[in-house]
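Right, one structure below, let's go through it.
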Amino acid sequence: MKIAQVIVDVSTYAVNRPFDYALNEDAPYVEIGSRVKVPFGRRDVIGYVVGLKEDTDVDSAKLKLISEVVDYRPALTEELVELAQHLAHHTICYEIDALQAMLPAAMRTSYERLVVATVPLEQLSPALRDIFESSLTQSFDSLTPVQQKLCKDAALVGEVEFQTSMKQQTTIKTERVLHIPSLERLRQIEGELSNRAHKQKQLLAYLMNYPNEALVEKVVREEADVAGPTIQTFVTAGYIERSEREVYREIDASQMAYDEKLALTTEQQRAFEAVRDAIDASRAETFLLHGITGSGKTEVYLQAIERVLERGEQAIVLVPEIALTPQMTARFKGRFGDKVAVMHSALSQGEKYDEWRKIRRGEVSVVVGARSAIFAPFTNLGLLILDEEHESTYKQEDVPRYHARDVAIWRGNYHQCPVLLGSATPALESFARAQKGVYTLLSMTERPKQSALPEVSVVDMREELRTGNRSMYSHALIQAIRERMERGEQIVLFLNRRGFASFMLCRDCGTTMQCPHCDISLTYHRSVERLKCHYCNYETYVPPKCPHCESESMRFFGTGTQKAEVELKKVIPDISVIRMDVDTTSRKGAHEKLLSAFGRGEAQVLLGTQMIAKGLDFPNITLVGVLAADSSLHLADFRASERTFQLLTQVSGRAGRAHLQGEVIVQTYAPEHYSIQLAKQQQYIPFYNVEMQMRKRFGYPPMFYIVALQLSHASLEKVIHYANQTARFLRQALDDSFIIVGPAPSLISRVNDRYRYQCLIKYKAENNLFDVLHQLMHMYRTKWMKEHLRLSIQMEPQSLM
DNA sequence: AGCACGCCGACT
DNA sequence: GTCGGCGTGCTC
């Protein structure tokens, strides 16, 4: 007998294991990775086949049959099924969550419970008759509790039946195609038509131009100027045949300008050859391409991919979400044409689904996309690339908490192909691995377009204060902005707003406006004139007086982009500014619109947060101003210095990319800090050395691996109790090579009226760690959860907030 | 997660 | 006496 092992679409501890199902012998196309519909308990669910075998230990009385195979071609490959198991184990999640993460959201199944009347309406009681009056099938969940009860009772006597309806969230788009007969047949039809059937004659005349062809119905309707019913008449009469065929949703086919292959510099050539050799040798080698901003990493990627395609293999390119601008993707499409699929968040569910199917069918060979594109179902991978590999967006924040870099390396191993990590400011972890020889280091230190690195100057804002300048713009920056305006050049102003938004403070008693549910200050939003909590979405009005001492000297502190714009216009009234922040870019496509408006020179200044640090590459920008470089330094987070350095380096790279000399002005209250000083000189390696000393001293990555366990509960007492229990359990279950830190209150000690505590595990070798964490999870799922405790486990957290 | 089974308090 | 509360246990 053929048995399939199935992981069911139920995300719970108790069913996080394969269930055996018998297979009908006439269902030969069930493979590992197939989605199937199976009876599970009292209902039907979707499941994934993760194994096939010949026999089972399950009681034959219990064993059930697979009721349906969902897709003709298995949704997942065997490789991805294996990867899901690996992820479930290493990120501590359920296998089903890992499997789901690999498919486009469109393929998620939504379930609806249905009640179907199985006897004629007249035979039902009057109350039931009311329910089924409109239709014999009703949605169970939209009935009132009383009606639900009636149905349950009726089910016992067999008057109604329960069913589960499953549907995919987004379906395959189809179009109708008309098959036109031969010319002789058309002539024959002409004779059969009535003289008064003008529209039909018109249609026929049009069809005469296309005998024996297949035409898209929509096009025929438009060009022959006939309506649907006319065509329907022809179909019904048997004059023409009609069928449906799958089509892909069209994504912006407009820009396909050919992208010319560039000659490589010596450095680029050396990097390219190293990667090419690994490609040719089918070697699973990880490269770290450390190239300063503007050193032409993309061209190396493109030529390496070209090599992969020549070998008939496939490539995945990951780019941080915000860098996936049309400019960026156009370059790949320009080089490789329709062999490229693009995957990013601006696509609709349906569009993503279509791109995914092109990949699954092997119709494309390159995918350029954000984090989740790392799961692209290619079967013959030859190269995986992560651009800006240090970006924190490569780590998924919720379950399954995977890091795309780890997944890339796993897949590289599976396919025996190289992985290429590129960055101007590699993550400390990556550079450390390159130093140890785990990764192969490739360096590029020159800019090919003989454009010089911009000149960077640091302005001490404390000095500005001393000389009486209380604004957020230094004299030097204002002066530089004025110069660019006169020369007709453009300016980018960058506000490092991480952990530093505008809050309200009473100058008399020092009261700050706090969120009543979280341990955090409320943020002032000028556009709606309200205070908001960024953690629980609590919102309130701006108080006219201090709620504590009734004083009227409530003031806003901190800097938002809105305030920065207002202040700038106070000093230079005739300046035109495009502001890019959450408020102005929330609408779909707004991001691109603002950028292209700036590119066309519609404004002198582009002012924004993080999101403008990447991806924009306009020749006319000659000045970059960083308003508060150190604001991210004050976060109590072990990556604070690294983030600041990365940000400053990236931002500086935006100035003077073409023939014009660029200038960067960095304003800060901590000019002597090493991350600011070394970013000023674009000196990554000295920064790496200093930062590694710090990490070593405080025992942080990459010296240690860390796991963060976050516990929360509405009661402070309870959360402390369980946090202590967690720490005790870990100390007893793990040996001395593990360091358990805490428990201690989280940095933000309360969110949404829940108190938060955390424990850290630091370690160098994993030993039995995963077993212990799974045991802990088991304890939590089976006991602690009932007490409304919440526990989450983060492997290698990006921050410790 | 759903859903059923099962064992104790408040209603027709 | 029955309806229904949610604790417990199972799903191939």
Side-chain angles (χ1 to χ4, degrees), chain A residues 1-25 27 30-70 81 85 88 92-101 108-116 125 127 138-158 160-167 169 398-400 777-792:
Chain A
M1 188 171 30
K2 231 180 169 184
I3 302 290
Q5 296 178 283
V6 176
I7 297 281
V8 292
D9 180 15
V10 180
S11 180
T12 327
Y13 178 79
V15 296
N16 183 33
R17 63 188 170 87
F19 285 82
D20 287 356
Y21 283 90
L23 218 49
N24 254 338
E25 289 303 332
V30 170
E31 289 171 39
I32 290 177
S34 291
R35 287 191 299 173
V36 290
K37 198 191 260 189
V38 291
F40 192 65
R42 284 254 157 181
R43 66 216 157 107
D44 282 355
V45 292
I46 294 289
Y48 296 81
V49 176
V50 297
L52 292 166
K53 52 186 186 179
E54 291 300 321
D55 52 83
T56 174
D57 305 333
V58 177
D59 250 21
S60 57
K62 274 182 161 184
L63 193 69
K64 293 181 186 170
L65 267 172
I66 283 179
S67 38
E68 196 181 300
V69 183
V70 179
V81 169
Q85 271 160 18
I92 324 288
C93 73
Y94 304 130
E95 218 169 311
I96 187 67
D97 292 325
L99 288 164
Q100 302 268 35
R108 299 264 158 84
T109 323
S110 59
Y111 297 87
E112 194 183 17
R113 285 182 291 176
L114 299 178
V115 204
V116 187
S125 68
Q138 293 292 326
S139 156
F140 181 74
D141 294 293
S142 56
L143 297 177
T144 65
V146 179
Q147 290 175 320
Q148 294 187 346
K149 179 77 183 62
L150 279 169
C151 289
K152 278 187 179 169
D153 293 344
L156 294 176
V157 294
V160 304
E161 207 177 83
F162 285 94
Q163 282 176 13
T164 317
S165 130
M166 284 176 245
K167 59 170 184 286
Q169 284 188 3
D398 44 54
V399 179
M777 237 18 209
H778 184 199
M779 218 145 70
Y780 162 64
R781 293 287 172 195
T782 53
K783 301 199 183 76
W784 301 357
M785 225 167 80
K786 289 179 190 143
E787 296 250 18
H788 303 111
L789 181 87
R790 256 179 253 161
L791 167 69
S792 79

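So that the names make sense, note that chain A is the first sequence line, chain B the second, and so on, each numbered from 1. All values below come from the heavy atoms of this structure, side chains included, with hydrogens, waters and symmetry mates left out.
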| field | N or O in side chain of Arg17(A) less than 4.0 angstrom from dC12(C) OP1/OP2 | value | no

Could you state the atom-to-atom distance from [atom1] of [X] to [atom2] of [N] in whole Å?
X: Glu54(A); N: dC12(C); atom1: CD; atom2: P; answer: 21 Å
X: Ile66(A); N: dC12(C); atom1: CD1; atom2: C1'; answer: 10 Å
X: Asp44(A); N: dC12(C); atom1: CG; atom2: C1'; answer: 13 Å
X: Asp9(A); N: dT11(C); atom1: CG; atom2: P; answer: 19 Å
X: Arg781(A); N: dT8(C); atom1: CZ; atom2: P; answer: 18 Å
X: Tyr111(A); N: dA1(B); atom1: OH; atom2: P; answer: 14 Å
X: Lys783(A); N: dT8(C); atom1: NZ; atom2: P; answer: 12 Å
X: Asn16(A); N: dC10(C); atom1: CG; atom2: P; answer: 18 Å

May I ask you to say what [X] touches in the nucleic acid, namely base, sugar-phosphate or nothing, with a heavy-atom cut-off under 4.0 Å?
X: Pro18(A); answer: nothing
X: Phe40(A); answer: base
X: Ala14(A); answer: base

Without swapping roles, check the side chain of [X] against the backbone of [Y] for a donor-acceptor pair under 3.5 Å.
X: Tyr111(A); Y: Ile46(A); value: yes
X: Ser67(A); Y: Lys37(A); value: yes
X: Arg108(A); Y: Gln100(A); value: yes
X: Asp55(A); Y: Met1(A); value: no

| Want to settle it: does Arg42(A) or Met785(A) sit nearer the 5' end of DNA chain B, counting the closest nucleotide to each? | Met785(A)

| field | Side chain of Phe19(A) (C-beta onward), nearest among dT11(C), dA1(B), dC3(B) | value | dT11(C)

| remark: Regarding the side chain of Lys62(A), the nearest nucleotide among dC12(C), dA1(B), dT11(C) is dT11(C)

| query | Are any of the side-chain nitrogens in Arg35(A) or Asp9(A) under 4.0 Å away from the carboxylate oxygens of its partner? | reply | no

